[in-house]
Amino acid sequence: MAAPKRGRSASAQSKPGRSLALILIAIVALTGGMFLSGNTTPRLGIDLAGGTSITLKAKADQGSAINKANMDTAVDIMNRRVNGLGVSEAEVQTQGTDNIIVNIPKGTNSKQAQQQVGTTAKLYFRPVLASEPSGGAAQSPSPSASPSGSAKPSPTASSTSKEKASSSSTASPTASATSRGRAVTDALKAGSTPSPSTSASGGAKPSATPSANPSASSSASAAAAKLQAQYAALDCTKPAERAKVGGAAKPGEPTVACGQIRKAWYKYILGPAAVDGTEVKKAQAVFDTQGASGWQVQMNFTSGGAKKFADITGQLAKNQSPQNEFGIVLDGEVVSSPYVSQAITGGQAEITGSFTQQDAQSLANMLSYGALPLSFQEQSVTTVTAALGGEQLHAGLLAGAIGLALVVIYLVVYYRGLSLVAMASLVVSAILTYVIMSLLGPAIGFALNLPAVCGAIVAIGITADSFIVYFERIRDEIREGRSLRPAVERAWPRARRTVLVSDFVSFLAAAVLFIVTVGKVQGFAFTLGLTTLLDVVVVFLFTKPLMTLLARRRFFASGHKWSGLDPKSLGAKPPLRRTRRPAGPAGSVDPKEA
């Protein structure tokens with residue numbers, strides 16, 4: 001059994017260069033990726049780099065009381081919203097009994113986050129009664145006539161093409177050529193979704209605007225006439241006019257609204273809300289790898305919402321453009337107006353079109369997190385400077401530098417030559433930590449804040465502790481009388497177990513902190529967990545192979561007094577070596593010790 005062990009040990013000792021080459025390749029690859037991506041510095045949090053601070057005041061105008069439960073629910077939804085935008089390290093917290101503070105770090109899309117977080121988040125699905133480009137935009141294309149469940153944009157779609165909502169059903173819809181003006185007027189008078197007409201007036205393409213039919217106008221109510229006049233005068237390209245429409249409309253009443261579709265503004269007449277945003281169970285942006293639709297938004301409804309959505313899409317599918325569309329309305333603004341060509345049943349639907357990844361994720365966030373228990377009014381938006389954080393960072397880095405210098409002095413005084421191994425390992429760990437943090441900024445939105453810097457400083461002690469454990473195990477073997485090369489290999493299994501147990505405990509503590517805490521404390525926990533994992537990588541792939549190579553060098557192998565492995569200064573016992581029995585009379589045994 002001894003011979004195979006010696007063989008495996010010799011093989012392990014003879015190939016430490018492989019491990020060193022592996023970690024060198026990893027460092028070069030990660031560093032190259034960092035420079036190629038252009039992110040050569042870690043992304044900083046709001047306390048270090050500044051950012052935007054938004055103050056929101058709760059209003060109990062949706063039938064809900066302002067209490068701790070509703071405020072906590074709103075904070076949770078807003079936190080998921082900004083995280084859905086890739087805004088990591090954002091802080092969402094209550095202040096007092098009716099205020100919420102949202103801090104967004106610099107370097108993120110703060111304007112988009114402000115639009116989504118600062119809205120009152122009243123989300124409704126409303127049928128479109130009429131729509132047209134506003135301010136000279138291109139005309140809306142006609143919808144695709146394909147009843148297929150696969151979502152494809154219209155063949156005639158321009159840069160302002162509409163999206164399509166579909167399901168897996170293949171039932172063919174029947175088209176109606178009812179005059180749009182008549183349908184709009186009837187719907188406004190009835191205060192409900194327009195029903196399809198049974199008239200067969202051919203396939204004439206409907207007008208882009210509501211008809212000015214005198215008979216229809218004369219029979220319309222005063223409210224309907226006012227709404228049509230407001231629609232005719234509305235110019236959605238003007239921010240002042242957009243701010244006046246849509247927001248105050250009640251769910252059960254028709255309204256006019258504006259929406260930006262593919263960077264072009266449209267104006268709409270919308271029917272009463274058919275489905276409430278609270279009835280969307282889940283929405284997510286996914287990329288269609290099977291077809292050509294690209295990015296799409298998939299929705300799942302509650303049981304009640306599924307029935308309502310099936311009813312409204314079944315009615316809309318019988319109409320012609322644009323009355324086969326439903327507007328997804330957030331805070332009075334149409335964020336999307338997909339058309340349907342068939343009733344969508346089963347509680348699942350997908351919205352497809354010429355979505356970019358950002359557009360799809362933004363719409364999915366609105367659908368998923370659109371229903372807040374309270375409405376909020378934006379009180380203030382301020383820019384946060386990093387002056388105070390910069391001073392604290394300077395003080396923290398100074399403290400870290402002093403601590404690192406003390407660790408290095410201790411290693412040099414106590415371990416002498418071995419301190420070179422420890423310092424080289426610390427340098428490798430620091431390089432990996434810096435490069436990975438720089439790459440994680442654009443990848444997952446990681447932002448380096450003051451607690452994260454503290455976590456990195458604490459990691460210096462954890463990493464140095466791993467080296468010390470290994471060095472002391474080697475010294476113990478030398479005290480037992482072994483030479484350096486076998487001492488390095490025999491010390492490794494025991495040191496490895498200790499290092500793994502210690503790092504596991506540190507990583508477990510970091511994971512628990514990350515899960516049960518929020519805000520800046522998560523930055524500390526994340527950095528601590530990351531550096532703990534890197535400590536294991538460095539010890540296994542750098543420190544141990546480097547010690548194996550140095551054990552072959554005369555300076556360390558001979559136990560030079562400046563190597564830190566001098567047997568005499570360590571109080572080593574004389575090495576035990578058995579010699580062959582000298583030739584002599586049988587039975588005479590004279591074992592010798594060298």
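Values below: all heavy atoms of this structure, side chains included; hydrogens, waters and symmetry mates excluded.
Cation-pi geometry between Lys267 and Tyr231 is met: under 6.0 angstrom from the ring centre, within 45 degrees of the axis.
At distances below 3.5 Å, at least one donor-acceptor pair connects side-chain atoms of Thr313 with backbone N or O atoms of Ala310. Listed for the Arg126 side chain is no donor-acceptor partner under 3.5 Å among the backbone atoms of Leu270. Gln323 places no side-chain N or O within 3.5 Å of a backbone atom of Gln320 that could act as its donor or acceptor partner.
Taking all atoms of both residues into account, the shortest heavy-atom contact from Asp98 to Lys57 is OD2-NZ, 2.7 Å. Residue Leu530 comes nearest to Leu440 through the heavy atom pair CD2-CD1, 4.5 Å, listed as atom of the first residue, atom of the second, then distance. Heavy-atom minimum distance, Thr237 versus Ser134: CG2-O, 3.4 Å. When all heavy atoms of Ala257 and Cys236 are compared, the pair lying nearest together is O-SG, 4.3 Å. Annotation for Gln522 and Phe514: closest pair NE2-O, 2.9 Å, computed over non-hydrogen atoms. Of all heavy-atom pairs between Tyr268 and Ser131, the closest is CD2-CB, 3.5 Å.
Annotation: the span from Gln93 atom CD to Met71 atom CE amounts to 11.5 Å, rounded to 0.5 Å. Atom CH2 of residue Trp265 and atom CD of residue Gln260 lie 4.5 Å apart, to the nearest 0.5 angstrom. For the atom pair CG (Asn67) and OG1 (Thr97), the distance works out to 10.5 Å, reported to the nearest 0.5 Å. Asn300 contributes atom CG, which lies 10.5 Å from atom OG1 of Thr302 (distance to the nearest 0.5 angstrom). The OG atom of Ser337 sits 4.5 Å away from atom CD of Glu325, with the distance rounded to the nearest 0.5 Å. A distance of 8.5 Å separates OG1 of Thr352 from CG of Asp288, quoted to the nearest 0.5 Å.
Using a 4.5 Å cut-off on side-chain heavy atoms (C-beta onward), Val334 and Cys258 make no contact. A 4.5 Å side-chain heavy-atom check between Val256 and Leu227 finds at least one atom pair inside the cut-off. In this structure, the side chains of Val128 and Phe326 stay at 4.5 Å or more apart for every pair of heavy atoms. Residues Val75 and Thr94 form a side-chain contact, since some pair of their non-hydrogen atoms from C-beta on lies under 4.5 Å apart. Side-chain contact between Ile100 and Val92 is present, with at least one heavy-atom pair separated by less than 4.5 Å. Two residues are said to be in side-chain contact when any heavy atoms from C-beta on lie closer than 4.5 Å; Lys308 and Ile312 fail this criterion. Contact of the Tyr124 side chain with the Val275 side chain is not registered, since no non-hydrogen atoms from C-beta on lie closer than 4.5 Å. Looking at heavy atoms from C-beta onward, Ser321 lies out of side-chain contact with Tyr339 at the 4.5 angstrom threshold.
A donor-acceptor contact closer than 3.5 angstrom links the side chains of Gln298 and Gln296.
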query: Hey, mind stepping through Leu123 and Ile328 against side chain to side chain contact (heavy atoms under 4.5 Å, CB included) and telling me if it holds?
result: CA-CA 7 Å; Leu123 182 69; Ile328 302 174; 3.8 Å; yes

May I have the step-by-step check of side chain to side chain contact (heavy atoms under 4.5 Å, CB included) for Glu350 and Val297, ending in yes or no? CA-CA 5 Å; Glu350 60 185 28; Val297 178; over 6 Å; no

inquiry  = Does Met299 form a side chain to side chain contact (heavy atoms under 4.5 Å, CB included) with Lys282? I'd like the steps, not just the answer.
reply    = CA-CA 6 Å; Met299 298 182 295; Lys282 180 182 178 183; over 6 Å; no

CA sep, side-chain torsions, deciding dist, call: Met437, Thr527, side chain to side chain contact (heavy atoms under 4.5 Å, CB included) = CA-CA 9 Å; Met437 283 184 177; Thr527 307; 3.3 Å; yes

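By the 30° and 60° cut-offs, the orientation of the rings of Phe309 relative to Phe125 is perpendicular.
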